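In what follows, a structure is listed as structure tokens, so that the remarks can point back to it.
All values reported here derive from a predicted model rather than from experimental measurement.
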Amino acid sequence: MSIEIPQGLTELLQSFTVEVLRNQPRDLLEFALQYFTRLKERETTEAPFGQHERQNSAPRAAKAVNFIDEAMQIDSENGEEDDDDDDDEDDDEFMAPVINRFIRRASVCAEAFNPDEDEEDKEPLVTHPKTDEQRQRLQEACWDILLFKNLDPEEMSQVLDAMFEKFCVDGDHIIDQDDDGDNFYVIESGTFNIFVRADGAEKKVSCYDNRGSFGELALMYNTPRAATIIATSTGALWCLDRLTFRRIIVKNNAKKRRLYEAFIETLPLLTSLELSERMKVVDVISSRTYSDSQQIIAQGDLADCFYIVESGQVRITMKRSRTKKEQEEEEVDIAMCSRGQYFGELALVTNKPRAASAYAVGSVKCLVMDVKAFERLLGPCMDIMKRNIANYEEQLKSLFGSSTEIEQQSS
Ligand code: CMP
Ligand code: CMP
């Protein structure tokens with residue numbers, strides 16, 4: 001008896017296998033589900049043009065979906081609904097993740113998210129000559145940019161060589177929502193408002209104040225710009241062109257995914273996120289190492305980052321006056337965080353200074369996420385965080401009785 005292999009099966013399975021090998025998903029079943037759902041959707045939407053072609057040819061495996069790109073879009077569509085609910089019941093400080101909620105134009109769509117292919121490497125490296133003074137300013141502006149933290153020295157140097165300066169004045173539109181992405185921007189100076197348009201209404205969601213970076217999403221995920229950025233003062237920006245960004249940063253992110261995907265999957269905090277949202281978390285985190293006793297967070301400081309312990313232990317302490325009237329303060333241990341636990345969320349959620357300090361116990365590695373990514377990506381995890389924050393007060397009461405000074409700082 002001969003078994004006939006259905007036409008197209010080989011191509012279908014080959015394309016799927018290629019995507020699996022390329023993305024190395026932790027959850028193969030979910031990956032498969034999204035992959036084939038997307039493929040089917042594409043077949044349905046293209047049916048009027050494809051019917052006749054399909055009678056004679058294999059299913060559209062050869063035209064297989066580039067999974068990451070497509071899955072990002074599916075998920076953000078779902079995420080939008082979820083977050084609307086969140087917004088209703090929680091606070092509106094946390095905007096729904098807005099990336100990829102718009103239909104991509106063909107020109108953008110055509111470029112696949114494929115960091116392992118070396119097409120882009122064939123172009124010569126971009127270099128913008130700089131004076132020593134410019135390079136010094138550029139290095140200072142880029143010092144704290146998380147997306148650059150995982151680059152090796154050679155990659156970092158290529159990025160710095162490629163960056164060029166752009167000055168702006170109050171009212172300049174640096175980015176307009178829905179445009180194609182041209183550059184990634186690092187702020188050297190100036191203030192900027194962020195607006196997001198959803199359901200026809202534009203809303204200011206946040207702002208940048210003389211530090212930070214923006215414009216990475218359209219370049220990372222080949223989507224239209226997800227927000228409008230307008231200067232509210234004169235300012236200076238350093239720009240990195242799309243090609244260099246993809247060639248260096250996006251490729252680096254692919255390595256990062258392989259490194260951190262498994263760990264991210266184990267984090268209880270992120271269970272309310274979809275698989276591809278967790279991948280986006282991997283894309284924005286960077287790893288920082290601390291030596292024994294090094295301070296990671298100082299109580300009272302302004303907050304700009306959120307931390308997840310990757311290895312080692314982190315000691316959380318709080319200052320308190322020895323007596324109600326005395327000026328002298330002592331620092332008291334209030335908690336310990338170990339692998340998989342997070343800290344530094346409270347100040348970001350409440351918009352207040354850091355409520356406690358954090359110190360490395362032994363050698364410590366943390367995954368760090370900046371405040372803007374925290375707001376954009378972790379909205380769905382707010383319930384878990386809020387429940388934990390409610391526990392802080394109980395924890396402090398049991399440690400200090402009803403000492404109000406400390407409660408007030410953390411509430
Ligand atoms: P991109 O979509 O390329 O262009 C607009 C940028 O605004 C976006 O990348 C982010 O870097 C930045 N941004 C800041 N806050 C938000 C937000 N809430 N939603 C979307 N983009 C944001
Ligand atoms: P944040 O205030 O941003 O910085 C200090 C962090 O310590 C805080 O966020 C929490 O993540 C963490 N922390 C742990 N226990 C407590 C507590 N009882 N009160 C306040 N912060 C705590």
Could you report the tightest heavy-atom contact between [X] and [Y], atom names first, then the distance?
X: Thr317; Y: Arg315; value: CG2-NH1, 3.6 Å
X: Cys168; Y: Leu237; value: SG-CD1, 4.4 Å
X: Ala141; Y: Ile187; value: CB-O, 4.0 Å
X: Gln134; Y: Lys130; value: OE1-CA, 3.4 Å
X: Asn150; Y: Ser286; value: OD1-CB, 3.7 Å
X: Arg354; Y: Asp304; value: NH2-N, 4.0 Å

Kindly say whether [Y] contributes a backbone atom to a donor-acceptor pair with the side chain of [X] at under 3.5 angstrom?
X: Ser287; Y: Leu367; result: no
X: Lys204; Y: Val196; result: no
X: Gln294; Y: Ser291; result: yes
X: Asp172; Y: Ile174; result: no
X: Asp370; Y: Ala373; result: yes

Legend entry - Neighbour count >12 (heavy atoms, 6.0 Å) for atom CG, Asp152: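 Atom CG in Asp152 is packed in, count exceeds 12.
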Inset, instruction - Check the surroundings of atom CG in Leu125: do more than 12 heavy atoms from other residues, nucleotides or ligands lie under 6.0 Å from it? - result: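 Counting neighbours around CG of Leu125, more than 12 heavy atoms of other residues, nucleotides or ligands fall under 6.0 Å, so yes.
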Regarding [X] and [Y], is there a side-chain donor-to-acceptor distance under 3.5 Å anywhere?
X: Ser157; Y: Glu154; value: no
X: Gln158; Y: Thr244; value: no
X: Trp238; Y: Glu165; value: no

Spacing of [X] atom [atom1] and [Y] atom [atom2] [to the nearest 0.5 Å]:
X: Asp182; Y: Leu219; atom1: CG; atom2: CG; result: 7.5 Å
X: Thr228; Y: Ile194; atom1: OG1; atom2: CD1; result: 10.5 Å
X: Glu277; Y: Met279; atom1: CD; atom2: CE; result: 11.0 Å
X: Thr289; Y: Lys365; atom1: OG1; atom2: NZ; result: 5.5 Å
X: Gln395; Y: Met318; atom1: CD; atom2: CE; result: 8.0 Å
X: Ile145; Y: Met156; atom1: CD1; atom2: CE; result: 9.0 Å

Legend entry - Axial cation check for Tyr208 ring with Lys372, 6.0 Å and 45° limits: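 Because its charged atom sits under 6.0 Å from the ring centre and within 45° of the axis, Lys372 does stack over Tyr208.
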Under 4.0 Å between a side-chain nitrogen and a carboxylate oxygen: does that hold for [X] and [Y]?
X: Lys280; Y: Glu261; result: no
X: Glu330; Y: Lys319; result: no
X: Asp178; Y: Arg197; result: yes
X: Arg376; Y: Glu216; result: yes
X: Lys256; Y: Asp283; result: no
X: Arg278; Y: Glu265; result: yes

pair [X]-[Y]: side-chain heavy atoms closer than 4.5 Å:
X: Leu378; Y: Leu348; value: no
X: Met369; Y: Val281; value: yes
X: Ile296; Y: Phe343; value: yes
X: Ile285; Y: Leu146; value: no
X: Leu396; Y: Ile334; value: yes
X: Asp301; Y: Pro353; value: no
X: Gln136; Y: Thr131; value: no
X: Arg225; Y: Ile175; value: yes

Legend entry - Candidates Lys251, Arg247, Lys255, Lys149 - the one meeting salt bridge (charged side-chain N to carboxylate O under 4.0 Å, His left out) with Glu155: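 Considering Lys251, Arg247, Lys255, Lys149, a salt bridge (charged side-chain N to carboxylate O under 4.0 Å, His left out) with Glu155 is found only for Lys255.
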Inset, instruction - With Phe245 as reference, evaluate Tyr221, Phe148, Tyr185, Phe184 under the ring-ring contact (aromatic ring centres under 6.0 Å, His included) test and give the passing residue. - result: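 One option only clears the test, and that one is Phe184.
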Legend entry - Criterion ring-ring contact (aromatic ring centres under 6.0 Å, His included) against Tyr342, the qualifying member of Phe374, Phe306, Tyr307: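 Result: among Phe374, Phe306, Tyr307, Phe306 is the only option passing the ring-ring contact (aromatic ring centres under 6.0 Å, His included) with Tyr342.
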Inset, instruction - Could you check Arg137 against Glu133 for salt bridge (charged side-chain N to carboxylate O under 4.0 Å, His left out), going step by step and ending with a plain yes or no? - result: CA-CA 6 Å; Arg137 284 193 286 113; Glu133 181 270 335; 2.6 Å; yes
Inset, instruction - Decide yes or no on ring pair (Phe, Tyr, Trp, His ring centres under 6.0 Å) for Tyr359 and Tyr290, but give the supporting numbers first. - result: CA-CA 9 Å; Tyr359 297 92; Tyr290 302 90; over 10 Å; no
Inset, instruction - Might you work through the salt bridge (charged side-chain N to carboxylate O under 4.0 Å, His left out) test for Arg288 and Asp144, ending with a clear yes or no? - result: CA-CA 11 Å; Arg288 278 193 197 158; Asp144 229 17; 3.6 Å; yes
Inset, instruction - Step by step, work out the side chain to side chain contact (heavy atoms under 4.5 Å, CB included) result for His128 and Asp161. - result: CA-CA 6 Å; His128 288 277; Asp161 284 346; over 6 Å; no
Inset, instruction - For side chain to side chain contact (heavy atoms under 4.5 Å, CB included), just list the numbers for Cys381 and Leu273, CA-CA rounded to whole Å, side-chain angles, deciding distance to a tenth of an Å, and then say yes or no. - result: CA-CA 7 Å; Cys381 313; Leu273 298 184; 3.8 Å; yes
Legend entry - Criterion side chain to side chain contact (heavy atoms under 4.5 Å, CB included) on Ile316 and Ser357, from CA distance to verdict: CA-CA 6 Å; Ile316 309 287; Ser357 296; over 6 Å; no
Inset, instruction - Sort out for me which residue in Asn210, Thr191, Asp209 forms a side-chain hydrogen bond (donor to acceptor under 3.5 Å, both in side chains) with Ser233. - result: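 So the option named by the test is Thr191.
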Inset, instruction - Might you work through the side chain to side chain contact (heavy atoms under 4.5 Å, CB included) test for Asn183 and Arg242, ending with a clear yes or no? - result: CA-CA 5 Å; Asn183 297 312; Arg242 176 189 184 92; 6.0 Å; no
